[in-house]
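Encoded as structure tokens, the structure appears first; notes follow it.
Since this is a predicted model, take the numbers as computed values, not measurements. Side-chain atoms are counted along with the backbone in the values below, which use heavy atoms only and exclude waters and symmetry mates. Each residue takes its place number in the sequence, starting with 1.
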Amino acid sequence: MKFSPGDVVPATVLETIHGKPLQLPEAGARWVHLQFRRFAGCPVCNFHLLTFARRQGELAAAGIREVVLFHSSAQEMRKYQAQLPFDCVADPTKSHYRRFGVETSRLAFMHPRVFWSGLRWILATGRFYKRAENGITGLPADLLIDGRGTVVAARYGRHADDHWDVDELLALAGSARS
């Protein structure tokens, strides 16, 4: 089931790649930006998250807590996401992906934006993935959730580089009422 604005997310317990428990909805949080990414080494996903990491101060000032899920194991994710300044969650069985209606597509990586975004990650870091744990057909999704668990905004990507950027997320949070 895909979520739409006004829907309430089910109570969900997550565990970060560092073993820290997370509860959704998060009482006391103004906003949680729940991101569903692809496999841990995905160059498109990692370039995207690099932009979020660089602007973490702005996100925190807006009251936005980032929580990022990958359909990879915690061990694989620690190779790529351990240094990020927000919580990352492993979901190698894709149980949370199914629960939140996040899909796959054989065309996920065929859009021209996917190539350029992935290339920017490779050029910026000199890194390329060696393994696409659980495949390359995953699609991204973004949910902005308030402290009561109500979905304020949702976006389900049509290709691997179809997601909110930081400016879009800040605008959504700025126009929503908490």
> Which of parallel (below 30°), tilted (30 to 60°) and perpendicular (above 60°) describes Phe36 and Tyr97?
Replying inline: perpendicular
Provide the closest heavy-atom pair for [X] versus [Y] in the form atom of the first, atom of the second, distance.
| X | Y | value |
| --- | --- | --- |
| Pro25 | Gly147 | CB-O, 3.9 Å |
| Asn46 | Gln81 | OD1-NE2, 2.7 Å |
| Val152 | Ala176 | CG1-CB, 3.3 Å |
| Ala90 | Ala74 | CB-N, 3.3 Å |
| Arg99 | Pro10 | NE-CG, 3.9 Å |
| Val32 | Ala29 | CG2-CB, 4.2 Å |

> Can you tell me if His163 and Arg37 form a side-chain donor-acceptor pair at under 3.5 Å?
Replying inline: yes
Salt bridge [X]-[Y], side-chain N to carboxylate O under 4.0 Å:
| X | Y | result |
| --- | --- | --- |
| Asp146 | Arg30 | no |
| Arg55 | Asp167 | yes |
| Glu26 | Arg65 | yes |

With a 4.5 Å limit on heavy-atom distance, are the side chains of [X] and [Y] in contact?
| X | Y | value |
| --- | --- | --- |
| Val151 | Val9 | yes |
| Thr16 | Leu22 | yes |
| Phe3 | Leu34 | no |
| His71 | Arg38 | yes |
| Thr150 | Ile145 | no |
| Thr51 | Asp165 | no |
| Asp7 | Ser4 | yes |
| Pro21 | Glu15 | no |

Kindly compute the distance separating [atom1] ([X]) from [atom2] ([Y]), expressed to the nearest 0.5 Å.
| X | Y | atom1 | atom2 | result |
| --- | --- | --- | --- | --- |
| Leu49 | Cys42 | CG | SG | 9.0 Å |
| His96 | Leu24 | NE2 | CG | 9.0 Å |
| Leu50 | Leu84 | CG | CG | 8.5 Å |
| Glu66 | His33 | CD | NE2 | 5.5 Å |
| Glu58 | Leu169 | CD | CG | 11.0 Å |
| Asp162 | Leu139 | CG | CG | 8.5 Å |

For the pair [X] (side chain) and [Y] (backbone), establish whether a donor and an acceptor sit closer than 3.5 Å, ignoring hydrogens and angles.
| X | Y | value |
| --- | --- | --- |
| His18 | Lys20 | no |
| Asp87 | Val67 | no |
| Gln35 | Ala141 | no |

> Does the separation of the ring centres of Phe86 and Phe52 fall below 6.0 angstrom?
Replying inline: no
> Do Val13 and Val68 share a hydrophobic cluster, counting only Ile, Leu, Val, Met, Phe, Trp and Tyr and linking them when any side-chain heavy atoms are less than 4.5 Å apart?
Replying inline: no
>> Looking at Gln75, I want to see if its CD is surrounded by more than 12 non-hydrogen atoms of other residues, nucleotides or ligands under 6.0 Å.
In response: no
> Under the ring-ring contact (aromatic ring centres under 6.0 Å, His included) criterion, do Phe70 and Phe39 qualify, and how do the steps go?
Replying inline: CA-CA 6 Å; Phe70 279 85; Phe39 57 95; 8.4 Å; no
>> Apply side chain to side chain contact (heavy atoms under 4.5 Å, CB included) to residues Leu170 and Ile64 and explain how you reach the verdict.
In response: CA-CA 8 Å; Leu170 290 170; Ile64 301 170; 4.0 Å; yes
